[in-house]
Amino acid sequence: MVENKQILKRFIFIVAAITSATVLALSTRAQESNVGNGLRITPVRQELILTPGQTDSYSIELTNVSQGNMTVVSVVNDFESDNETGQPKLLVGPGESSPFSLIEYITLPEPFPLDVGETRTVNIE
């Protein structure tokens, strides 16, 4: 049971990391083009409880609320505890990974364009 809770916590954080990384990628691209950025993500958080061997997926809606077109790029990062406060620390450097990584079990969508005001439903598996 403790192992399942740890897996669930890691999965929830990875979902948050996916969302954060997507926004980060958009922010960088928007700054380069001097357009500004804005991405509405619904729902912001998704909780899944999985047993070993079980698979699941969920959908999120992304809406471009910026003043310019953008390309959405999803990224998954591992994380670990910062060993001081227990807060998660993203592992974003080359070769950095967690021994409890779930990256290989997550399928992300390919990069896609999102026009101003456009909403797209994206599946996370």
Side-chain angles (χ1 to χ4, degrees):
M1 185 66 165
V2 172
E3 183 177 310
N4 285 345
K5 284 185 180 181
Q6 289 175 337
I7 290 172
L8 174 62
K9 286 180 184 178
R10 291 184 186 284
F11 189 76
I12 290 170
F13 185 77
I14 287 175
V15 169
I18 291 168
T19 303
S20 298
T22 301
V23 173
L24 217 79
L26 292 171
S27 175
T28 302
R29 288 173 187 241
Q31 288 174 3
E32 291 171 358
S33 63
N34 294 322
V35 174
N37 67 338
L39 184 67
R40 181 174 42 234
I41 303 170
T42 309
V44 175
R45 179 177 157 172
Q46 181 72 37
E47 292 187 34
L48 301 173
I49 298 175
L50 302 173
T51 58
Q54 181 182 0
T55 62
D56 204 347
S57 64
Y58 64 95
S59 297
I60 59 173
E61 282 191 355
L62 302 174
T63 303
N64 180 352
V65 294
S66 72
Q67 298 176 6
N69 298 336
M70 62 177 64
T71 299
V72 178
V73 178
S74 299
V75 178
V76 178
N77 292 311
D78 273 331
F79 68 96
E80 63 187 10
S81 169
D82 69 2
N83 289 326
E84 293 175 17
T85 65
Q87 293 296 314
K89 177 180 107 179
L90 284 178
L91 303 174
V92 296
E96 286 186 302
S97 67
S98 165
F100 305 105
S101 178
L102 296 175
I103 288 177
E104 67 183 271
Y105 302 106
I106 299 172
T107 304
L108 297 174
E110 294 294 319
F112 60 89
L114 198 61
D115 294 335
V116 175
E118 182 181 1
T119 297
R120 183 176 287 193
T121 300
V122 176
N123 291 320
I124 309 294
E125 301 176 0

Checking [X] side chain against [Y] main chain: does a donor-acceptor pair fall under 3.5 Å?
{"X": "Ser66", "Y": "Gly68", "result": "yes"}
{"X": "Glu96", "Y": "Val92", "result": "yes"}
{"X": "Asn64", "Y": "Leu114", "result": "yes"}

Taking C-beta and beyond as the side chain, do Leu62 and Val72 meet within less than 4.5 Å on heavy atoms?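 Side-chain contact under 4.5 Å: yes.
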Taking the side chain as C-beta and beyond, is there a heavy-atom pair between Glu80 and Leu91 under 4.5 Å?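 Contact flag for Glu80/Leu91 side chains = yes.
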How close do [X] and [Y] get, counting heavy atoms only, and between which atoms?
{"X": "Gly117", "Y": "Thr63", "value": "O-CG2, 4.2 Å"}
{"X": "Pro88", "Y": "Phe79", "value": "CB-CD1, 3.8 Å"}
{"X": "Asn77", "Y": "Val75", "value": "OD1-CG1, 3.9 Å"}
{"X": "Ser57", "Y": "Glu125", "value": "CB-CG, 3.7 Å"}
{"X": "Ile103", "Y": "Ser101", "value": "N-OG, 3.2 Å"}

Once you round to the nearest 0.5 Å, how far does [atom1] of [X] lie from [atom2] of [Y]?
{"X": "Gln54", "Y": "Leu48", "atom1": "CD", "atom2": "CG", "answer": "9.0 Å"}
{"X": "Ile60", "Y": "Ser74", "atom1": "CD1", "atom2": "OG", "answer": "6.5 Å"}
{"X": "Glu47", "Y": "Tyr58", "atom1": "CD", "atom2": "OH", "answer": "11.5 Å"}

More than 12 non-hydrogen atoms from neighbouring residues, nucleotides or ligands closer than 6.0 Å to OH on Tyr105, yes or no?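 Atom OH in Tyr105 is not crowded, with 12 or fewer foreign heavy atoms closer than 6.0 Å.
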Give a yes or no on whether Glu110 atom CD has more than 12 heavy-atom contacts from other residues, nucleotides or ligands under 6.0 Å away.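 No, CD of Glu110 has 12 or fewer neighbouring heavy atoms, counting only those of other groups under 6.0 Å.
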Looking at Leu50, Ile49, Ile124, which one forms a side chain to side chain contact (heavy atoms under 4.5 Å, CB included) with Asp56?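 Exactly one option meets the side chain to side chain contact (heavy atoms under 4.5 Å, CB included) with Asp56, and it is Leu50.
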Check the pair Asp78, Ser97 against side-chain hydrogen bond (donor to acceptor under 3.5 Å, both in side chains), reporting the backbone distance first and the verdict last. CA-CA 6 Å; Asp78 273 331; Ser97 67; 4.5 Å; no
